[in-house]
Visitor: 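For reference, the structure I am asking about is given below.
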There are 2 protein chains.
Amino acid sequence: MASRSRTNPLALAVLALLWERPMHPYEMSMTLRERRKDESVRLNFGSLYSVVDSLVKHGLIEAASTEREGNRPTRTVYRITDAGATEAIDWLTDLVRTPAKEFPQFEAALSFLPLLGPDDVVRLLRLRQTSLERQVAGLESGLVDARAMGLPAIFSLESEYEVTIVRAELGFVTALATSIADGSFEGVDLWRDLHRRASTHGRLDPDELAEALAPYLSPPQ
Amino acid sequence: MASRSRTNPLALAVLALLWERPMHPYEMSMTLRERRKDESVRLNFGSLYSVVDSLVKHGLIEAASTEREGNRPTRTVYRITDAGATEAIDWLTDLVRTPAKEFPQFEAALSFLPLLGPDDVVRLLRLRQTSLERQVAGLESGLVDARAMGLPAIFSLESEYEVTIVRAELGFVTALATSIADGSFEGVDLWRDLHRRASTHGRLDPDELAEALAPYLSPPQ
DNA sequence: CGAGATATATTCTGAATCGAGCATTCGAAC
DNA sequence: GTTCGAATGCTCGATTCAGAATATATCTCG
């Protein structure tokens, strides 16, 4: 059995669901939505069906039956195999034990931030700040609701985590915006200069950028 | 010109590099590595060449020349177009202004954590904690080095961000591990029960899991 | 001076992804 | 009674990705 690449966490979600009981793919997707797991695992129909096929091919799940109701398309109900149960535990163990390298979009944006001018950046960061505040509020109220309905904390850990991370980002964004705005951010004058000259002829000049960058091009070690 | 989907930030990296000066793809990849941008943008050769092709197809960059040195494969040098420059700024603006929905692997893992028993989880979280501590230390020393070499803060913002986030995760993981270990985590007894019975017959029983879950299956709103 | 490691530079291929589309059924409102 | 929209359930194809494969040049070290 060629070992599967553990790229798409949706496959883990499928294994976790089938652990509970056999289901057909559409039911999986609806269950994930009901339980709000589609907030923590990227879910879309196309991927779901190919992930299921791949799991079947690798013997981690198997068709339990195919049924049809009326004239609807035939549904295939799948169940987890022993190999699948083992794989789920192994994969989950690995995910908890070992931090994976992630590439958040905002980190990429920060990498290329000098392309924008400091004043624009402050404006944009303030807007981001507002979004993040709303996001925190939403997550918190979701958590309060869940507690109010008696859902044990173990079933909404992912939201606790998310709110922790979003709060941290919010702190970062706020501090950054403030320090650029009040001029305490180191090198902001140099950065502003570059863009002030740029704005006279439309946009940041490649040569000026290159010149400004030149001293820093060698790797920092 | 059909509008490109802004999925792969590597495309933004290409635009940012070509903003400075024309380059061929291999040079782009080497430059990204030198500047440690490969830590914030997923970089691999296969993707780079297809991203470049796609940018050409959409008129955001164009071939400036093709040259060959000795008997090496011909290199195609690309430059940015006006449309590309505009796109870079627009895209970057958008990334800074609007938080993107991300799906970190750890969040997925937390979603399915009940599959593991509380004692296993504590053990794994302690291991993760150690990794994260090492990661924080590495990032911090990198930042110290960069400052020591006179690199302005604007060029290593992405590391500042990363260390902020990793520290937040570390706090979360530490607190979670501790609260499960000392029993203060809400519902840990129920969770432990489920797995104690499970361990007598090898693994978590589907029916017992389903039964335990039953009261919580309806959506929390 | 020859062998192997490393750097240069791209291409290929199979797999994964994702959004859109298709086809049916059911319920509610008009 | 019929139309319209939501729900059910899956398929398809275009794009994108990752990583291996390819091919040559240059460096290094005994």
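First the proteins, then the strands, lettered A, B, ... as listed; each starts at 1. Just so you know, these numbers use all the heavy atoms, side chains as well, and skip hydrogens, waters and symmetry mates.
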Visitor: Rounded to whole Å, please give me the gap between CD in Glu34(B) and C1' in dT8(C).
Guide: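 Atom CD in Glu34(B) sits about 14 Å away from atom C1' in dT8(C).
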
Visitor: Decide yes or no for Leu92(A) and Leu15(A): does some side-chain heavy atom of the first lie under 4.5 Å from some side-chain heavy atom of the second?
Guide: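 Counting from C-beta outward, Leu92(A) and Leu15(A) never come under 4.5 Å.
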
Visitor: Identify all side-chain donor-acceptor contacts of residues 101-115 of chain B below 3.5 Å with residues at least two apart in sequence or on another chain.
Guide:
from, atom 1, to, atom 2, distance (Å)
Lys101(B), NZ, Glu39(A), O, 2.9
Lys101(B), NZ, Glu162(A), OE2, 3.4
Glu102(B), OE2, Gln105(A), N, 2.8
Ser111(B), OG, Ser40(A), OG, 2.9
Ser111(B), OG, Glu107(B), O, 3.2

Visitor: All N/O contacts under 3.5 Å from nucleotides 14-18 of chain D to the protein, with atom names and distances to one decimal?
Guide:
from, atom 1, to, atom 2, distance (Å)
dC17(D), OP1, Asn8(B), ND2, 3.2
dC17(D), OP2, Asn8(B), ND2, 3.0
dA18(D), OP2, Asn44(B), ND2, 3.0
dA18(D), OP2, Ser47(B), OG, 2.7
dA18(D), O5', Asn44(B), ND2, 3.3

Visitor: Could you check how far CD of Glu27(B) sits from C1' of dT10(C), rounded to whole Å?
Guide: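 Computing the Glu27(B):CD to dT10(C):C1' distance gives 15 Å.
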
Visitor: Got a list of side-chain donor-acceptor pairs under 3.5 Å for residues 152-160 of chain B, not counting sequence neighbours?
Guide:
from, atom 1, to, atom 2, distance (Å)
Ser156(B), OG, Arg147(B), NH1, 3.2
Ser156(B), OG, Arg147(B), NH2, 3.3
Glu158(B), OE2, Lys37(B), NZ, 2.8
Glu160(B), OE2, Arg147(B), NH2, 3.2

Visitor: Among residues two or more places apart or on two chains, list those pairs meeting salt bridge (charged side-chain N to carboxylate O under 4.0 Å, His left out) that have a residue in residues 125-136 of chain B.
Guide: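 For residues 125-136 of chain B: Arg128(B)-Glu169(B).
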
Visitor: Without decimals, in angstroms, what is the distance between Asp38(B) CG and dG19(D) P?
Guide: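 So the two atoms are 14 Å apart, to the nearest Å.
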
Visitor: Tell me every residue that passes salt bridge (Lys or Arg N to Asp or Glu O under 4.0 Å) with Arg6(A), counting only those two or more places apart in sequence or in another chain.
Guide: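 Salt bridge (Lys or Arg N to Asp or Glu O under 4.0 Å) list for Arg6(A), sorted by chain: Glu87(A).
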
Visitor: Hey, could you give me the CZ/CG distance between Arg97(B) and Leu124(A), rounded to the nearest 0.5 Å?
Guide: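 Going from CZ on Arg97(B) over to CG on Leu124(A), the span is 6.0 Å.
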
Visitor: Could you tell me how far apart Met23(A) (CE) and dT8(D) (C1') are, to the nearest whole angstrom?
Guide: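 So the CE-C1' distance, Met23(A) to dT8(D), works out to 16 Å.
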
Visitor: Near DNA chain C, under 4.0 Å by heavy atom, which residues of residues 94-104 of chain A?
Guide: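 Nucleic-acid contacts, sorted: none.
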
Visitor: Does a nitrogen or oxygen in the side chain of Tyr26(A) sit under 4.0 Å from OP1 or OP2 of dC10(D)?
Guide: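 For dC10(D), OP1/OP2 do not have a side-chain N/O of Tyr26(A) under 4.0 Å.
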
Visitor: Round to the nearest Å and state the distance from Met30(B) atom CE to dA7(C) atom P.
Guide: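 From Met30(B) CE to dA7(C) P: 9 Å.
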
Visitor: For the pair made of CG in Asp53(A) and P in dC12(D), what is the distance, rounded to whole Å?
Guide: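 For the pair Asp53(A) CG and dC12(D) P, the rounded distance is 11 Å.
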
Visitor: Tell me the interatomic distance from Leu10(A), atom CG, to dG19(C), atom P, rounded to whole angstroms.
Guide: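 Atom CG in Leu10(A) sits about 13 Å away from atom P in dG19(C).
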
Visitor: Are Ser131(B) and Gln135(B) side-chain neighbours, meaning at least one heavy-atom pair lies under 4.5 Å?
Guide: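 Ser131(B) does not reach Gln135(B) side chain to side chain.
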
Visitor: When rounded to the nearest 0.5 angstrom, what is the spacing between CG in Leu95(A) and CG in Leu12(A)?
Guide: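 One finds 6.5 Å between CG of Leu95(A) and CG of Leu12(A).
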
Visitor: Could you tell me whether the phosphate oxygens of dC10(D), OP1 or OP2, come under 4.0 Å of any side-chain nitrogen or oxygen in Tyr49(A)?
Guide: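 Checking dC10(D) against Tyr49(A), a side-chain N or O does come within under 4.0 Å of OP1 or OP2.
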
Visitor: Roughly how many Å is it from CZ in Arg75(B) to P in dT8(C), rounded to a whole number?
Guide: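 These atoms are roughly 10 Å apart.
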
Visitor: May I ask you to decide if the ring planes of Tyr26(B) and Phe45(B) are parallel, tilted or perpendicular, using 30° and 60° as cut-offs?
Guide: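 Tyr26(B) vs Phe45(B) ring planes: parallel.
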
